[in-house]
Amino acid sequence: SAGAAASWLLSDHDLPRPGMYIPSLDEVAGRRMLLFPEQGHGDMIQFARYAPLLAARGARVTLQTYPELQRLMQSLDGVEQVIALGKRPPQVDFVTPLLSLPMVFATTPASIPPQGPYLHAPVERLAVWRQRLGAPMRPRVGLAWWGSQHIPKRSLPIDALSPLLSRGADWEFHALQKEIPAAQRT
């Protein structure tokens with residue numbers, strides 16, 4: 001909608017994808033929708049939770065994602081097709097940015113969906129990691145504290161995790177960072 005598109009006219013914000021449309025929930029049933037990512041991998045994982053909600057309202061959802069997340073995104077309930085960025089998408093009625101779906105659903109902090117898991121790792125990858133890590137002795141916690149673009153306002157220094165890491169007797173911590181700067185290796 002025109003009002004939603006105007007919200008992108010902010011400094012330091014990417015311009016909207018040509019032809020994108022922010023639908024109301026009343027118009028998604030029976031419509032073919034292409035959801036596309038706007039930001040990074042973490043945002044894709046975080047906001048993918050809305051795709052099954054659209055499918056539950058009758059939308060025929062195609063999700064476009066980063067190639068390295070394609071298999072993970074295929075575990076979303078109700079999504080008809082998951083395609084990698086750069087691949088030609090099918091014909092659709094609406095092209096909608098994934099990060100606009102909280103606005104479509106009028107999400108508030110109290111209504112962030114869902115409570116349970118919405119993504120599931122491929123079974124063969126789980127087997128590899130179970131073998132690599134062994135049997136869990138305590139609940140496992142994965143930590144990612146530093147964005148791939150190293151933007152200070154979106155990252156935190158490793159020292160900020162000290163209070164949490166001091167609970168090592170209660171939890172088993174694993175760094176999920178692909179790269180860890182030398183100054184943060186402790």
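The figures here come from the full heavy-atom set of this structure, side chains too, leaving out hydrogens, waters and symmetry mates.
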Any chain of hydrophobic side-chain contacts (each under 4.5 Å) joining [X] to [Y]?
X      : Y      : result
Leu35  : Leu119 : yes
Val141 : Leu156 : yes
Ile112 : Leu53  : no

Notebook entry, point to check: Of Asp93, Thr62, Thr96, which meets side chain to side chain contact (heavy atoms under 4.5 Å, CB included) against Leu34?
Noted result: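 The side chain to side chain contact (heavy atoms under 4.5 Å, CB included) with Leu34 is passed solely by Thr62 among Asp93, Thr62, Thr96.
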Those residues that, when tested against [X], pass side-chain hydrogen bond (donor to acceptor under 3.5 Å, both in side chains) (two or more places apart):
X      : value
Asp170 : Arg167
Ser166 : none
Arg140 : Glu172
Ser75  : none

[X]: side-chain contact (heavy atoms from CB on, under 4.5 Å) partners, not counting sequence neighbours:
X      : result
Asp43  : Gln39, Phe47, Leu99, Arg154
Ala175 : Trp145, Ile180
Arg57  : Leu25, Val28, Phe105
Leu126 : Ala121, Arg130

Going by atom type alone, with no hydrogens or angles, which donor-acceptor pairs under 3.5 Å involve a side-chain atom of residues 76-83 and a protein atom two or more places apart or on another chain?
{"unit_1": "Glu80", "atom_1": "OE1", "unit_2": "Arg60", "atom_2": "NE", "d": "3.4"}
{"unit_1": "Glu80", "atom_1": "OE1", "unit_2": "Arg60", "atom_2": "NH2", "d": "3.4"}
{"unit_1": "Glu80", "atom_1": "OE2", "unit_2": "Arg60", "atom_2": "NE", "d": "3.0"}

Notebook entry, point to check: Pairs in or reaching into residues 109-120: which pass salt bridge (Lys or Arg N to Asp or Glu O under 4.0 Å), with residues at least two apart or in two chains?
Noted result: none
Notebook entry, point to check: Which atoms form the tightest heavy-atom contact between Gln70 and Ala84, and what is the distance?
Noted result: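 That closest heavy-atom pairing would be OE1-CB, 3.6 Å.
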Margin query: So, using ring pair (Phe, Tyr, Trp, His ring centres under 6.0 Å) as the criterion, who are the partners of Phe94 when residues are at least two apart?
Written below: Tyr21
Report yes if the side chains of [X] and [Y] come closer than 4.5 Å at any heavy-atom pair, otherwise no.
X      : Y      : answer
Leu63  : Leu98  : yes
Leu165 : Leu143 : yes
Gln64  : Val95  : no
Val61  : Pro52  : no

Notebook entry, point to check: Just wondering, more than 12 heavy atoms not from Glu68 lying within 6.0 Å of its CD?
Noted result: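 Yes - once you tally the heavy atoms of other residues, nucleotides and ligands closer than 6.0 Å, there are more than 12.
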Notebook entry, point to check: If you group Ile, Leu, Val, Met, Phe, Trp and Tyr whenever their side-chain heavy atoms sit less than 4.5 Å apart, what else falls in with Leu133?
Noted result: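 Once heavy-atom contacts under 4.5 Å are chained together, Leu133 belongs with Trp129.
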Straight-line distance of [X] [atom1] to [Y] [atom2], nearest 0.5 Å:
X      : Y      : atom1 : atom2 : answer
Met33  : Leu101 : CE    : CG    : 6.5 Å
Leu72  : His41  : CG    : NE2   : 11.0 Å
Trp171 : Leu164 : CH2   : CG    : 5.5 Å

